[in-house]
Protein chains: 2
Amino acid sequence: MDYFSRFANKSVLITGGLGFIGSNLAHRLVELKARVTLLDSMVPDHGGNLHNLDGIQDAVTVNFSDVRDPHALRYLIPNFDFLFNMAGQVSHRDSMEKPLIDLEINVASQLSLLESCRRLNPEIRIVFASTRQFYGRVKHLPVSEEHPISPTDVNGVNKMAAEWYHLIYHNVYGLRTTALRLSNIYGPRQLLRHSRQGFISGFIRLALQGRSIQIYGDGNQLRDLTHVDDVVDAFLRAASAGAVGKVYNVGANQAYRLSEIADTVNEVAGNKSPVEFVPFPEEYKKIDIGDFATDFSKICRELSWFPKMELRPGLGQTINFYRKNLEHYLGPEQ
Amino acid sequence: MDYFSRFANKSVLITGGLGFIGSNLAHRLVELKARVTLLDSMVPDHGGNLHNLDGIQDAVTVNFSDVRDPHALRYLIPNFDFLFNMAGQVSHRDSMEKPLIDLEINVASQLSLLESCRRLNPEIRIVFASTRQFYGRVKHLPVSEEHPISPTDVNGVNKMAAEWYHLIYHNVYGLRTTALRLSNIYGPRQLLRHSRQGFISGFIRLALQGRSIQIYGDGNQLRDLTHVDDVVDAFLRAASAGAVGKVYNVGANQAYRLSEIADTVNEVAGNKSPVEFVPFPEEYKKIDIGDFATDFSKICRELSWFPKMELRPGLGQTINFYRKNLEHYLGPEQ
């Protein structure tokens, strides 16, 4: 499927547009000659970063506001052909410490956004950044979309609810929504400052600092890591296809053990400090999902998507990016 | 299991305590010599009714406040041994018209309530009124707890999220929660004024008024109706058992077609007006779940619960109640 020409001169809104995936998508959409508006709340530590627009500052419009603000959204929504709905609180641990904040950002604002779309712009094409997190502790690997759902934390419940809203607004109102359940993602423009948005950013930060990567437990948990360029490709394919009212897994070809991933990060970064295995903190252990590997055959079959970037070259490209831009992604330790 | 003595002198809080199930539970708990406090917001048309306390006014404490009010809850929660968590917005149609209100009542307030419990009274025993609604359009009958979840409307998503919160607060914090997924329920003390909380109250109202019962569609949809006394029994069994962190279906022995249920209601009430079949309104059709019948073998096996009231005698008792108390349940037409 060639979607390259599909976005030229189209008006595109990206919520969470200054964040990790949103900004990478913005770079690609600028190449594809779309008219791109980025909405971001710039909540500290959530991932929004002005440096993520380096090179495209003059080609995009930035609207600083929060998805929790229904008034700004009602004003913006009528103007767009596409909505890439990336805004969210992604830390599982934070969702347990501040569950009502997670609920506001990941559920209430999503419902408000969908209400605005159905009332003010029912033709808009929406792709929602969902997560594989709410499969929970899985029964078998790899995990397809048919696997039972069993969230282990408040964030999982909330993202699941938001995904269902997208599907219900399609079923009941005909809104043209698609949800992508994303696995762990790595690549340029990710928040490195803390590890609450996923282990990989912590691994990369520590390796670049020449410090020991710490792994909770024995390091045997399986995870699949998708490069953000592949994730961007999935969003663009979903938005330009007729895949409305559908849910797709997006993940990597191969799952690796955390200890293998840490070793690879160290090798690629030239870090000589050995990996350290430390006991699982109680509050993480209770919400950990164990092993994961993605069955992405549905999106492969229906949207011809498959992950092109292998882990080692992907980590090489990623670590090169951070070496050049480290000060913008490595703020004070949390 | 004999739970009769289990509640004597125990402090019990019922949210939604002036509503249909809550007030029936209160009557039973007063018989069992519990110290009962009822929390109710008295939101118009949600089911709260002072007449529901007829006969037990002096034996219970009423606290008028809203589960959305975290301050009142924080003050109340430390005082109780048991929490029967019944408060909710139950209209599916209303959840589509005012989705953010449904979210506040059914999700945000539940999360706030659980936070209060874990912080202020971690030993409290909680039973949550969940629903079979979020099984959605089911794949096979009867439906067990293992059936995949697929909500068809915002209310279904929200109740599902609230149920998951109860389970996660058990898994992560050890809160002693149980959820009962209730099927359609009938009996004394239900709001008859409108039909948005379930078809059966509308059937009973129209039959008592000698008017035609209207059925959407061909009347062939299967539904199982559980008498509220059986539901109360399920709540008491769940609360006095060790069934923490678990979910149970609660439903009837037999499912009937809507047209059969309407005929039976008319017969029992002596209503001569014929049943009318009318086209499904578009907004109901989109969220209708089709046939349903409950597999309640899990609660039967684990808590020795089974529904004792058959439909015809149950309807007889129910209609007798409303004949005597009609003015309190039949306000202005909506």
Side-chain angles (χ1 to χ4, degrees), chain A residues 68 70 92-93 95-104 106-116 118-119 134 136-137 139 145-174 247 282-289, chain B residues 68 70 92-93 95-104 106-116 118-119 134 136-137 139 145-174 247 282-289:
Chain A
R68 285 173 288 183
H92 297 282
R93 188 62 219 148
S95 83
M96 298 307 292
E97 283 167 9
K98 295 172 183 167
L100 287 151
I101 300 288
D102 194 275
L103 179 68
E104 273 181 28
N106 286 329
V107 187
S109 59
Q110 297 301 321
L111 193 51
S112 173
L113 184 59
L114 288 165
E115 277 286 292
S116 294
R118 83 166 176 99
R119 289 177 191 279
F134 52 74
R137 294 181 189 100
K139 296 180 178 176
E145 295 83 354
E146 301 299 309
H147 189 284
I149 281 167
S150 182
T152 62
D153 55 34
V154 168
N155 182 264
V157 176
N158 291 349
K159 290 293 289 186
M160 172 179 72
E163 183 190 285
W164 274 113
Y165 290 155
H166 281 79
L167 300 182
I168 284 168
Y169 273 66
H170 168 71
N171 294 338
V172 176
Y173 301 118
V247 167
E282 200 56 30
E283 68 270 25
Y284 281 92
K285 193 173 186 175
K286 291 259 177 75
I287 64 176
D288 185 64
I289 61 160
Chain B
R68 285 173 287 182
H92 297 284
R93 187 63 217 146
S95 83
M96 298 307 292
E97 284 166 8
K98 295 172 183 168
L100 287 153
I101 300 288
D102 194 276
L103 178 67
E104 272 180 29
N106 286 328
V107 186
S109 59
Q110 297 301 321
L111 193 50
S112 173
L113 184 59
L114 288 165
E115 277 285 293
S116 294
R118 84 167 175 99
R119 289 177 191 280
F134 52 73
R137 294 181 188 101
K139 295 181 178 177
E145 294 84 355
E146 300 298 309
H147 189 284
I149 281 167
S150 182
T152 62
D153 55 33
V154 167
N155 183 264
V157 176
N158 290 349
K159 290 293 288 187
M160 171 180 72
E163 184 190 284
W164 275 113
Y165 289 155
H166 281 78
L167 300 182
I168 284 168
Y169 273 66
H170 168 70
N171 294 337
V172 176
Y173 300 118
V247 167
E282 199 58 28
E283 68 271 25
Y284 281 92
K285 193 173 187 176
K286 291 260 177 73
I287 63 175
D288 185 64
I289 61 159

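Bear in mind that the values here come from a model prediction, so they are computed numbers and not experimental data. Side-chain atoms are counted along with the backbone in the values below, which use heavy atoms only and exclude waters and symmetry mates.
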Residue of the set Val172(B), Ile168(B), Asn171(B) for which side-chain contact (heavy atoms from CB on, under 4.5 Å) holds with Ile287(A):
Val172(B)
Interatomic spacing from CG in Asn158(A) to CH2 in Trp164(B) - rounded to 0.5 Å
13.5 Å
So which of Glu146(B), Glu104(B), Lys285(B), Lys286(B) has the largest heavy-atom pair count under 4.5 angstrom toward chain A?
Lys286(B)
Glu97(B) versus Arg119(A), closest heavy-atom pair with distance:
O-NH2, 4.2 Å
Taking every heavy atom of Leu100(B) against every heavy atom of Ala108(A), the minimum-distance pair comes out as CD2-O, 3.7 Å
Highest number of heavy-atom pairs under 4.5 Å with chain B: which of Thr152(A), Leu114(A), Ile149(A)?
Thr152(A)
How far does CE of Met96(A) sit from CD of Glu115(B), to the nearest 0.5 angstrom?
8.0 Å
By a 4.5 Å heavy-atom criterion (distance strictly below it), what part of Pro99(A) contacts chain B: side chain, backbone, both, or neither?
both
Most heavy-atom pairs under 4.5 angstrom with chain A, which of Leu167(B), Leu111(B), Val154(B)?
Leu111(B)
Which answer fits Pro151(B), side chain, backbone, both or neither, if we ask what part of it has an atom under 4.5 Å from a heavy atom of chain A?
both
